[in-house]
4 protein chains.
Amino acid sequence: MKRDAVIQVAAQFFAHHGYHNTSLDDIAKALDVSKPTIYYYVPNKEQLLFECFVAGLEPIRTALRDVKVSKEPGRERLNTVLRQYAQAVASDYGWCMVIAEHQDLSPSMSSHIRTLKVEIDQGIRRLLREGVKDGSIQPCDVKMTAFAMAGALNWIAHWYRANQGMTAPQIADAFVTIFEEGLRPRAARRKSATRSTRPDSSKGLS
Amino acid sequence: MKRDAVIQVAAQFFAHHGYHNTSLDDIAKALDVSKPTIYYYVPNKEQLLFECFVAGLEPIRTALRDVKVSKEPGRERLNTVLRQYAQAVASDYGWCMVIAEHQDLSPSMSSHIRTLKVEIDQGIRRLLREGVKDGSIQPCDVKMTAFAMAGALNWIAHWYRANQGMTAPQIADAFVTIFEEGLRPRAARRKSATRSTRPDSSKGLS
Amino acid sequence: MKRDAVIQVAAQFFAHHGYHNTSLDDIAKALDVSKPTIYYYVPNKEQLLFECFVAGLEPIRTALRDVKVSKEPGRERLNTVLRQYAQAVASDYGWCMVIAEHQDLSPSMSSHIRTLKVEIDQGIRRLLREGVKDGSIQPCDVKMTAFAMAGALNWIAHWYRANQGMTAPQIADAFVTIFEEGLRPRAARRKSATRSTRPDSSKGLS
Amino acid sequence: MKRDAVIQVAAQFFAHHGYHNTSLDDIAKALDVSKPTIYYYVPNKEQLLFECFVAGLEPIRTALRDVKVSKEPGRERLNTVLRQYAQAVASDYGWCMVIAEHQDLSPSMSSHIRTLKVEIDQGIRRLLREGVKDGSIQPCDVKMTAFAMAGALNWIAHWYRANQGMTAPQIADAFVTIFEEGLRPRAARRKSATRSTRPDSSKGLS
DNA sequence: TATGAATGAGTATTCATTCAT
DNA sequence: GATGAATGAATACTCATTCAT
């Protein structure tokens, strides 16, 4: 589908240059079509961002749905979702998914996006609660924990570069370990964490 | 200093509406001055963003410096810095600090900002390493842990609203607990986590 | 071609009001189009000036080329070029051609224009040298003579007004006579100069 | 006088960068004073240009006045004036003198300048007429000859650079020779023209 | 004399969007 | 399906000029 090509190219441009620094001219040129052609597939720039957002979010929603019927303990199911989440954020659509904000969107689209985001957040919180209930997760502030996880994972979109350093699944695993184990030493340590693969590159803030 | 007022108002606008959706006209109107007056204090819009960035970052740098001479174990010193970090991100300048990216900046300014960000990241990594060495932090992937923490904390800028729900220090404490304890239940639990204060609001993604 | 209309109208405005006193709004209004339309045909104001410059220069370059294959003595060929030169300077594009300077142009465009100007200058010097060689022009300081001629002719752009007083070819003839004969009386005068047609108007300096 | 310093610096800036590309800030910075200080000496930018113009023109007016009482033949007196003219055009004020145009000036100032320019032009024409009458200049189109001379001399402002190549008096002499002798060979040549000193540099058009 | 602070009026340029074809 | 041509609206930035001090 050409429509998908439009959306993917848009996502890549948005991720590299930002939403506002990407003109439809840029996208048109990259696709080697004229600007009005884009309007044939998408009604406006805002919708383009929205489509990128949805494309990125979809796999996470699917993972949340899949996990609902699983028999595994909550912590395992949460980890499955987090792994999928990390992969989504590291995809072409990750950046759009993460920065799509009310700031650049009309009220109606903004609330639409908010609904989708809330759905994800609630899904994660539910898994946390279920994990606490079944004993696989220790009691915690569910809301804050969901925020911390989302933040850590979303941030991947800001520093991840495909084909450089770790792959998305590797990052997901590292993060899962961090969130599972915590920093405080346990009386009986059973598993030693892996070392960083590229200790030189450092840009946690960005 | 009027200059500081300019920067603060700019930071608030950037945070609420985004960098590109804020015109210098907006800022001028909010300050009740004419547009050229802004140029009297700041040479251009980019520099305005940069000043906001620096204003937000400064307290974190200070905290990192202060902690260097502390005699406490690494984990405590790290927590001190993280608390300051959370407070900075929740300030007026937090959003600017977090989204100031190469995308909207000239190459020279971009690299300047990168340098400052790397400094923070390295500071956190150092504390992690020292904590591991002195036994207050369990062995972990230092780089990934720093990334996860920075991400979780940076993300606060996307959902925090002053005078609503938790205060910045409360959030900081909650996050510190999460990172310290981890999700996996410990054999002997000594400290039970607090419950979420506002279980209704949910927007982890944004 | 609409593009040509844009350039011609621009040239007229530049000539009447000066480059800096002409806004793209003025040009757009005169063409009865919107400002962005101009940008559809020309990438920026500087390029607009450049196009006017080239439009004015082209006939002179052509004349220089044509004259290369002529069998006439140097002085005749020079006169042919000077006549064409005068006509170009008196055209809509004359003023642009003459004032297009490094001052208002980017370095690259500036050097481009300089190249073209040097080409004209060298062409005139060559004709002077050839005239001296074939005896049709008396020995002289070739460089200074070329400068004097170029100056006298360029200056036409400052005082010439179409449909007032002499036509461009008449002016060209008058100048050719002046340069040919010189002021010092010749022993045997063969040709008496014409009188000025409008002795009242006087603005040699401007 | 500080006022003179202001005018001279302004003239240099105008000459190097153009009237419109010179801001009062530039001039103030070069003089190491604040912008309002300039307004203490000169009421506005236009007046600044006017003062430069007058400063450049004055020596020519003086020369014309001096020559009125001379007993020399017209051609000699004309040459004296032309030499002074060339020197003025090559001065700091030359460029301003030559480009000061109605385009950048208010109507009243514009007409004032025009009056001064006409005075010069009429002075030259008068000398030409007197030279013809006393036989030192051969009959010619006085108006066109004055225009040609003014153009050739004015143009010096566009290519002359102090301390490079010929001095102003040398240029004046070369031009006088050119205008006196003309290109057409004379039956009996009495004086051979000098050669160009820098035959490589070529920029007659500019 | 001199200036720090301020501004009104511009001005080039960009860009999402439209429409006739 | 696709595009050439056009535009309304916005926006960063500049600069001559003023005025209270």
Side-chain angles (χ1 to χ4, degrees), chain A residues 2-3 6 10 19-29 31-49 104 106, chain B residues 1-3 6 19-28 31-49 104, chain C residues 1-3 6 19-28 31-49 104, chain D residues 2-3 6 10 19-29 31-49 104 106:
Chain A
K2 282 198 189 170
R3 185 168 192 272
V6 171
Y19 178 67
H20 287 283
N21 298 312
T22 300
S23 75
L24 292 194
D25 267 313
D26 294 332
I27 298 172
K29 204 170 292 170
L31 287 163
D32 202 32
V33 298
S34 74
K35 217 181 342 179
T37 302
I38 294 177
Y39 280 88
Y40 182 78
Y41 294 108
V42 177
N44 51 44
K45 195 185 180 186
E46 184 190 27
Q47 186 74 27
L48 208 44
L49 179 55
D104 301 322
S106 64
Chain B
M1 235 20 176
K2 282 205 189 163
R3 185 169 191 271
V6 171
Y19 179 68
H20 287 285
N21 298 312
T22 299
S23 75
L24 292 194
D25 266 315
D26 294 333
I27 297 172
L31 287 162
D32 199 34
V33 297
S34 73
K35 213 180 348 180
T37 301
I38 295 177
Y39 281 91
Y40 183 77
Y41 292 106
V42 177
N44 52 43
K45 195 183 178 185
E46 185 191 27
Q47 187 75 26
L48 207 44
L49 178 56
D104 301 321
Chain C
M1 238 13 180
K2 282 203 188 164
R3 186 169 190 270
V6 170
Y19 179 68
H20 287 284
N21 297 312
T22 299
S23 75
L24 292 193
D25 267 314
D26 294 333
I27 298 172
L31 287 162
D32 199 34
V33 297
S34 72
K35 211 177 355 177
T37 302
I38 295 177
Y39 281 90
Y40 183 78
Y41 293 107
V42 177
N44 51 45
K45 197 183 178 186
E46 184 190 27
Q47 187 75 27
L48 207 44
L49 178 55
D104 301 321
Chain D
K2 281 199 188 168
R3 184 167 192 272
V6 171
Y19 179 68
H20 288 283
N21 297 314
T22 298
S23 76
L24 292 194
D25 267 315
D26 294 332
I27 297 172
K29 204 169 294 167
L31 287 163
D32 200 34
V33 297
S34 73
K35 219 181 339 179
T37 302
I38 294 176
Y39 281 88
Y40 181 78
Y41 294 108
V42 177
N44 51 43
K45 195 184 180 187
E46 186 190 27
Q47 187 75 28
L48 208 44
L49 178 56
D104 301 322
S106 65

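Fair warning: this is a prediction, and the values are worked out from it, not measured in the lab. In the text below, chain A, chain B and the rest are named by the order of the sequence lines, each starting its count at 1.
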Beyond-backbone contact of D:T37 with D:V6, side-chain heavy atoms, under 4.5 angstrom: no

Contact check, side chains of C:L31 and C:I27, non-hydrogen atoms, under 4.5 Å: yes

Residue mapping more 5' on DNA chain E - nearest nucleotide basis, C:D25 or B:P36: B:P36

Residue mapping more 5' on DNA chain F - nearest nucleotide basis, C:V33 or B:D26: C:V33

Length of the [atom1]-[atom2] vector between [X] and [N], whole Å:
X	N	atom1	atom2	answer
C:H20	F:dC15	NE2	C1'	13 Å
B:L48	F:dT11	CG	P	15 Å
C:I27	F:dT7	CD1	P	15 Å
B:L49	F:dT11	CG	P	17 Å

A:L24 CG to A:N44 CG distance, which is reported to the nearest 0.5 Å: 9.0 Å

Rounded distance (nearest 0.5 Å) linking atom CG of C:L48 with atom OH of C:Y19: 7.5 Å

Sugar-phosphate only, base, or nothing, as touched by B:K2 at under 4.0 Å among non-hydrogen atoms: sugar-phosphate

Touch class at under 4.0 angstrom, heavy-atom based, for B:S23 against every strand present: sugar-phosphate

Listed partners of B:D26 passing side chain to side chain donor-acceptor pair (under 3.5 Å), at least two apart: B:S23

Set of residues satisfying side chain to side chain donor-acceptor pair (under 3.5 Å) with respect to A:T22, sequence neighbours excluded: none

Cation-pi, C:Y39 ring and C:K45 (6.0 angstrom, 45 degrees): no

Residue pair A:H20 / B:D104, side-chain donor-acceptor N/O under 3.5 Å: no

Nucleotides bounding contact with chain D, strand DNA chain E, heavy-atom threshold 4.0 Å: E:dT1 to E:dG4

Distance-minimising heavy-atom pair for B:A28 and B:S34: CB-C, 4.0 Å

Selection residues 33-42 of chain B - residue pairs positive for salt bridge (Lys or Arg N to Asp or Glu O under 4.0 Å), sequence neighbours left out: B:D25-B:K35

Residues touching DNA chain F, which here means a heavy atom under 4.0 Å, drawn from residues 38-45 of chain B: B:Y39, B:N44, B:K45

Phosphate contact (F:dG8 OP1 or OP2) by C:S34 side-chain N/O below 4.0 Å: no

Any donor-acceptor pair under 3.5 Å from C:K2 side chain to C:Y41 backbone: no

Secondary structure of DNA chain F in dot-bracket form (Watson-Crick or G-U wobble, distances below 3.5 Å, | marking inter-strand pairs): .||||||||||||||||||||

